[in-house]
K.L.:
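So that we are looking at the same thing, I have put the structure below in structure tokens.
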Number of protein chains: 2
Amino acid sequence: MTTTDLLSRLRGRDWRLSAQRRAVAEVLVGDHVHLTAEEVHELARSRLPEISRATVYNTLNELVAMGELGVVDVVDGPRRYDPYVTAHHDHLVCDRCHTIRDVPRTTALPQVADDARGGFLVTGVEITYRGLCPDCAARYGR
Amino acid sequence: MTTTDLLSRLRGRDWRLSAQRRAVAEVLVGDHVHLTAEEVHELARSRLPEISRATVYNTLNELVAMGELGVVDVVDGPRRYDPYVTAHHDHLVCDRCHTIRDVPRTTALPQVADDARGGFLVTGVEITYRGLCPDCAARYGR
DNA sequence: TCCTGTATTAGAAGAAGTCTAACTTAGGAA
DNA sequence: TTCCTAAGTTAGACTTCTTCTAATACAGGA
Ligand SMILES: [Mn+2]
Ligand SMILES: [Mn+2]
Ligand SMILES: [Zn+2]
Ligand SMILES: [Zn+2]
């Protein structure tokens, strides 16, 4: 199953697609990618050397606000941006080296009990599994 | 049901309980509390005016490493510290004002499918519901 | 062409957390 | 008691990550 990629989705949007924004979008390709802003900047520069850090941040923030990009927060270290928003999936995060791995969401979506919701409007749910990646488990965990 | 509070749990530990550490622990009381380091510092100062920011951070980090304190990351804004570690529970986070509400974990723990785990050692799982708190929903949401 | 709002830029500024090096303290040994 | 040592504390510098600012560039419409 091929999911529509970020850049194609953006064409169908009312959003000016400048050279800078295109460079950012072109870099965020693939379903299992979790880049930092710094990595996006680095990669975008290889296409458009003069692109600035501010524009990268601006663009990433806009894409997140548009729902075209997800954010994964690793607690330690910079946020990561996830272009795979077309299907729900969860994340496995290594507590040691902060590697992220996608895992499909098999279980039914957990729900908040009505009596615990207390007027809160729930719009989404994130499941984060924590542990040690194979490398760190070998070196460290038992 | 009364859960044992942080300070009582710490007495049973091999951990020197200085005046500073006690001030931090005494402030982290209650089951539905999610304070920032800054807030902890502020409150601890009212008990022990000379306590420093470094000590507050040191103590919080140690308590987290000891498993006596949980961390909640709100994506935007500083981390929050959660003394309610005696029972698993999940969090409802307002995307607008970053208020956190505890919700009991009703559903069975989600599991990572064996074939997706790929050698990853899973030690925990966090479920975060996102949405709008009652106030923000009234002001913004539909 | 000119105008106007949007986009981009470099660098300053801000927020959050960590580190350093000096100082204090509390026990234990002598 | 006095001395010694390890652990704890402190102020403030520093790092990292992100946002802001103010100047400039650009693009599309009148
Ligand atoms: Mn992902
Ligand atoms: Mn909680
Ligand atoms: Zn790892
Ligand atoms: Zn809110």
Side-chain angles (χ1 to χ4, degrees), chain A residues 10-11 13-27 34-45 47-66 68-82 95-98 100, chain B residues 7 10-11 13-28 34-45 47-66 68-82 95-98 100:
Chain A
L10 291 177
R11 283 190 233 282
R13 286 259 190 183
D14 178 20
W15 192 58
R16 187 164 344 164
L17 202 45
S18 66
Q20 287 85 347
R21 288 174 173 182
R22 185 189 317 279
V24 169
E26 282 177 353
V27 144
H34 307 92
L35 299 173
T36 64
E38 179 55 34
E39 289 166 339
V40 170
H41 191 195
E42 211 51 44
L43 291 165
R45 276 166 88 89
R47 291 163 188 269
L48 191 67
E50 70 272 24
I51 191 175
S52 73
R53 189 169 34 119
T55 294
V56 169
Y57 273 104
N58 287 344
T59 304
L60 291 172
N61 287 341
E62 283 163 29
L63 291 173
V64 170
M66 289 159 72
E68 296 290 359
L69 218 49
V71 174
V72 185
D73 210 298
V74 191
V75 174
D76 209 74
R79 331 183 155 143
R80 293 168 176 277
Y81 295 88
D82 186 344
D95 284 330
R96 188 142 203 96
C97 70
H98 310 126
I100 300 174
Chain B
L7 198 58
L10 291 176
R11 282 189 234 283
R13 286 259 191 182
D14 178 20
W15 193 59
R16 180 147 12 147
L17 204 45
S18 65
Q20 289 85 344
R21 288 175 173 182
R22 186 190 316 279
V24 168
E26 282 177 353
V27 143
L28 287 160
H34 307 92
L35 298 174
T36 64
E38 180 54 34
E39 290 167 339
V40 170
H41 191 195
E42 210 51 44
L43 291 166
R45 276 165 88 89
R47 291 163 187 269
L48 190 68
E50 69 273 25
I51 190 173
S52 74
R53 187 167 42 111
T55 294
V56 170
Y57 273 106
N58 287 345
T59 304
L60 291 172
N61 287 340
E62 283 163 31
L63 292 173
V64 169
M66 290 159 71
E68 296 289 0
L69 218 49
V71 174
V72 185
D73 210 299
V74 192
V75 175
D76 210 75
R79 334 183 153 142
R80 292 165 177 277
Y81 295 88
D82 187 344
D95 283 331
R96 186 132 209 110
C97 70
H98 311 127
I100 299 175

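Lettering follows sequence order; numbering is per chain, from 1.
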K.L.:
Between C:dA16 atom C1' and A:D73 atom CG, what is the distance in whole Å?
P.N.:
13 Å
K.L.:
Starting at atom CG of B:L60, determine the distance to atom C1' of D:dT9, rounded to an integer number of angstrom.
P.N.:
15 Å
K.L.:
Reckon A:Q20 has a side-chain N or O less than 4.0 Å from the OP1 or OP2 of C:dT9?
P.N.:
yes
K.L.:
Could you tell me whether the side chain of A:L60 reaches within less than 4.5 Å of the side chain of A:Y81, counting heavy atoms only?
P.N.:
yes
K.L.:
Is the distance from OP1 or OP2 of D:dA7 to the nearest side-chain N or O of B:S18 less than 4.0 Å?
P.N.:
no
K.L.:
Has A:R79 got a side-chain N or O lying under 4.0 Å from the OP1 or OP2 atom of D:dT16?
P.N.:
no
K.L.:
Given C:dT8, D:dT18, D:dG8, which nucleotide is nearest the side-chain atoms of A:P78?
P.N.:
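Per side-chain heavy atoms of A:P78, the pick is D:dT18.
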K.L.:
What I want to find out is whether A:E39 reaches A:R80 closely enough, with some N-O distance under 4.0 Å, to be called a salt bridge.
P.N.:
yes
K.L.:
Which atom pairs link the protein and nucleotides 12-14 of chain D when you take only N or O atoms and keep those under 3.5 Å?
P.N.:
residue : atom : partner : partner atom : Å
D:dA13  : N6   : B:R53   : NH2          : 3.4

K.L.:
Please report the distance, rounded to the nearest Å, between CZ in B:R21 and C1' in C:dT24.
P.N.:
14 Å
K.L.:
Find out whether B:L35 and B:L43 are in side-chain contact, i.e. whether some heavy atom of one side chain is under 4.5 Å from a heavy atom of the other.
P.N.:
yes
K.L.:
Between P on D:dG8 and CG on B:L63, what's the gap in Å once rounded to a whole number?
P.N.:
12 Å
K.L.:
Rounded to whole Å, please give me the gap between CZ in A:R45 and C1' in C:dT8.
P.N.:
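About 14 Å, once rounded to whole Å.
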K.L.:
Compare side-chain N and O positions of A:T55 against OP1 and OP2 of C:dT9 and report whether any pair is under 4.0 Å apart.
P.N.:
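A:T55 to C:dT9 OP1/OP2: side-chain N or O found under 4.0 Å.
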K.L.:
How far does CH2 of B:W15 sit from CG of B:L63, to the nearest 0.5 angstrom?
P.N.:
4.5 Å
K.L.:
Spell out protein contact along nucleotides 24-30 of chain D as letters: B when the base is contacted, S when just the sugar-phosphate is, - when no protein heavy atom is under 4.0 Å; keep the 5' to 3' order.
P.N.:
---S---
K.L.:
Expressed as a whole number of angstroms, how long is the span from A:I51:CD1 to C:dG11:C1'?
P.N.:
17 Å
K.L.:
Does a side-chain heavy-atom distance below 4.5 Å link A:V75 with B:R79?
P.N.:
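A:V75 vs B:R79: side chains touch.
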K.L.:
Within the structure, does a side-chain N or O atom of B:N61 lie under 4.0 Å from either OP1 or OP2 of C:dT18?
P.N.:
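The answer is yes; a side-chain N or O of B:N61 sits under 4.0 Å from OP1 or OP2.
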K.L.:
Is a side-chain donor or acceptor of B:R21 paired with a backbone partner of B:R16 at a separation under 3.5 angstrom?
P.N.:
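A pair under 3.5 Å: yes.
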K.L.:
Figure out the CD/P separation between A:E50 and C:dA10, and round it to whole Å.
P.N.:
9 Å
K.L.:
Measure from CZ on A:R22 to P on C:dA7 and round the result to the nearest Å.
P.N.:
15 Å
K.L.:
With no hydrogens and no angle check, is any side-chain donor or acceptor of B:H41 less than 3.5 Å from a backbone partner on B:I51?
P.N.:
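At least one qualifying donor-acceptor pair exists.
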K.L.:
Is the shortest heavy-atom distance from the side chain of B:D82 to the side chain of B:L69 under 4.5 Å?
P.N.:
no
K.L.:
Contact class for B:E38 vs. all strands (heavy atom < 4.0 Å): base, sugar-phosphate, or nothing?
P.N.:
nothing
K.L.:
Say whether, by atom type as modelled, one donor and one acceptor occur between the side chain of B:R47 and the main chain of B:Q20 under 3.5 angstrom.
P.N.:
no
K.L.:
Within the pair A:Y57 and D:dT18, is there a side-chain N or O less than 4.0 Å away from OP1 or OP2?
P.N.:
yes
K.L.:
Once rounded to the nearest 0.5 Å, what's the spacing between atom CG of B:L7 and atom CD of B:E68?
P.N.:
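The CD atom of B:E68 is 11.0 Å from CG of B:L7, to the nearest 0.5 Å.
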